[in-house]
Q: 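Sharing a structure with you now.
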Amino acid sequence: MKIITVDLPQNPYEIRIGSGLLSEVGKKLKGLDFKGQAVIVTNPVVSDYYGEALRDSLIKEDFRPVFLVVPDGEDRKSLEQAGQLFSQMNELQAERLTPVLSLGGGVIGDLAGFVAATYMRGVPLVHVPTTLLAQVDSSIGGKVAINHGQFKNIIGAFYQPRLVVSDTSLFRTLPPEEIRNGLAEVIKYGIISDSGLFSLIESHIDPIIPLDENLGEEIVFRCASIKARIIEKDEHDQGLRNILNYGHTVGHGVETVSGYAVSHGQAVAIGMIAAALISHHLGFLPGSELERIKSIIQKVGLPVKIPGPDIQSLIQALQHDKKKVGGNLRLVLPEKIGKVFIQEGVSRSLLEQVLEELA
Ligand code: NAD
Ligand code: GLY
């Protein structure tokens with residue numbers, strides 16, 4: 001078992017990582033001085049697998065757990081769904097110190113986090129992330145949000161959890177596609193900050209799916225440590241935190257243009273290759289490093305080409321990207337594996353050239 005402390009001056013919290021930790025949630029919650037009712041937001045898939053174990057853990061410590069089960073899927077990150085949860089919290093007579101626990105992947109974490117951040121101007125939030133992506137990324141750092149209209153994560157807040165419990169044994173039920181989605185973010189951490197982590201994935205590529213518990217723990221620990229250190233320096237995304245968006249600018253475009261048929265991890269994989277190619281063309285990233293990036297993505301089973309012929313729609317979508325500055329794009333580019341920088345003013349012509357290469 002490993003513990004990381006996210007050392008924020010006003011909201012320090014622990015990320016606990018290891019196999020079997022679901023059973024300790026009740027005890028840890030009690031240790032934070034909570035008591036009485038505890039509201040768990042989850043979905044039917046995760047609830048079927050792990051609801052009972054979490055319930056037992058809470059009851060053992062004299063909590064009164066109430067499960068609010070929302071349907072599975074990204075479309076649940078909506079105002080309507082948040083509204084239903086607010087109504088349910090009213091009916092439960094939830095109070096300012098009633099903790100809200102998210103039990104699920106990033107969708108549940110973002111939705112429950114949004115509700116916790118806004119209900120009564122903020123009730124305590126605890127994340128129990130159940131996907132690789134949620135353990136390495138979305139449960140850490142306090143970004144909570146819902147989607148609105150055609151825009152993803154457009155209504156939200158920075159709202160740090162009081163505790164994150166990442167039970168790595170939960171990966172055993174995760175479909176391989178979801179492991180791959182998470183691995184896209186893991187590879188991202190390797191490229192932006194940890195060449196050793198990148199090499200670890202390279203050398204374990206074959207047995208990595210299904211994810212072995214020890215390897216899972218090591219991977220989650222390394223990624224969560226990187227994110228924690230970044231959050232401590234730039235909680236509100238004013239500078240350094242932007243590097244976590246490596247691969248996400250082109251990635252979001254690919255995701256949107258595909259109507260979400262391309263998953264987030266697949267889209268980020270393509271986006272990471274696009275940014276690496278741009279960096280290579282600008283003379284920053286050596287060809288050998290570019291090849292390692294392409295190769296690891298391919299071996300993990302993620303795409304290295306943009307699906308579909310519609311590059312023009314993708315370019316248009318990128319013009320609307322909120323990170324666009326004065327007509328040119330602002331991108332996170334790798335200069336070697338383990339080190340990235342932010343490049344302002346990447347030209348439309350270079351972007352088009354690279355997207356054509358990836359078509
Ligand atoms: P998800 O929450 O949709 O989970 C993926 C699927 O796995 C779902 O069908 C879910 O029911 C299932 N599942 C979850 N845990 C399981 C388990 N242990 N066993 C079996 N099935 C399980 O997807 P995700 O990839 O975890 O999260 C994606 C979301 O995270 C997106 O909405 C994205 O915007 C958000 N996100 C947020 C941040 C942030 O900083 N807040 C960062 C990255 C992504
Ligand atoms: N997932 C990007 C961030 O937390 O900033």
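Index from 1, following the sequence. Every number for a ligand or one of its atoms is a count from 1 in the order of the listing.
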Q: Side chain, backbone, both or neither: which part of Thr173 comes within less than 4.0 Å of ligand 1 when only heavy atoms are counted?
A: both
Q: Taking distance alone, with N or O pairs closer than 3.5 Å, would you say Val46 contacts ligand 1?
A: no
Q: If you measure from atom 44 (C) of ligand 1 to every heavy atom of Asn153, Ile146, Asp48, Leu133, which option wins on shortest distance?
A: Leu133
Q: Ligand 1 versus Leu174, non-hydrogen atoms closer than 4.0 Å: side chain, backbone, both, neither?
A: both
Q: For atom 9 (O) of ligand 1, what is the nearest protein heavy atom, given as residue, atom name and distance?
A: Asp72 OD2, 2.7 Å
Q: Regarding atom 4 (O) of ligand 1: of the candidates Thr131, Leu132, Val107, which has the closest heavy atom?
A: Thr131
Q: So is His248 in contact with ligand 1, going by heavy-atom distances below 4.0 Å?
A: no
Q: How far is atom 24 (P) of ligand 1 from the closest protein heavy atom, and which atom is that?
A: Gly106 N, 3.5 Å
Q: Regarding ligand 1, does His264 bring an N or O atom to under 3.5 Å of one of the ligand's N or O atoms?
A: no
Q: Keeping the roles fixed (side chain from Ser279, backbone from Glu335), state whether a donor-acceptor pair exists under 3.5 Å.
A: no
Q: Quick one: does His248 get within less than 4.0 Å of ligand 2, heavy atoms only?
A: no
Q: Got an N/O contact under 3.5 Å between Lys188 and ligand 2?
A: no
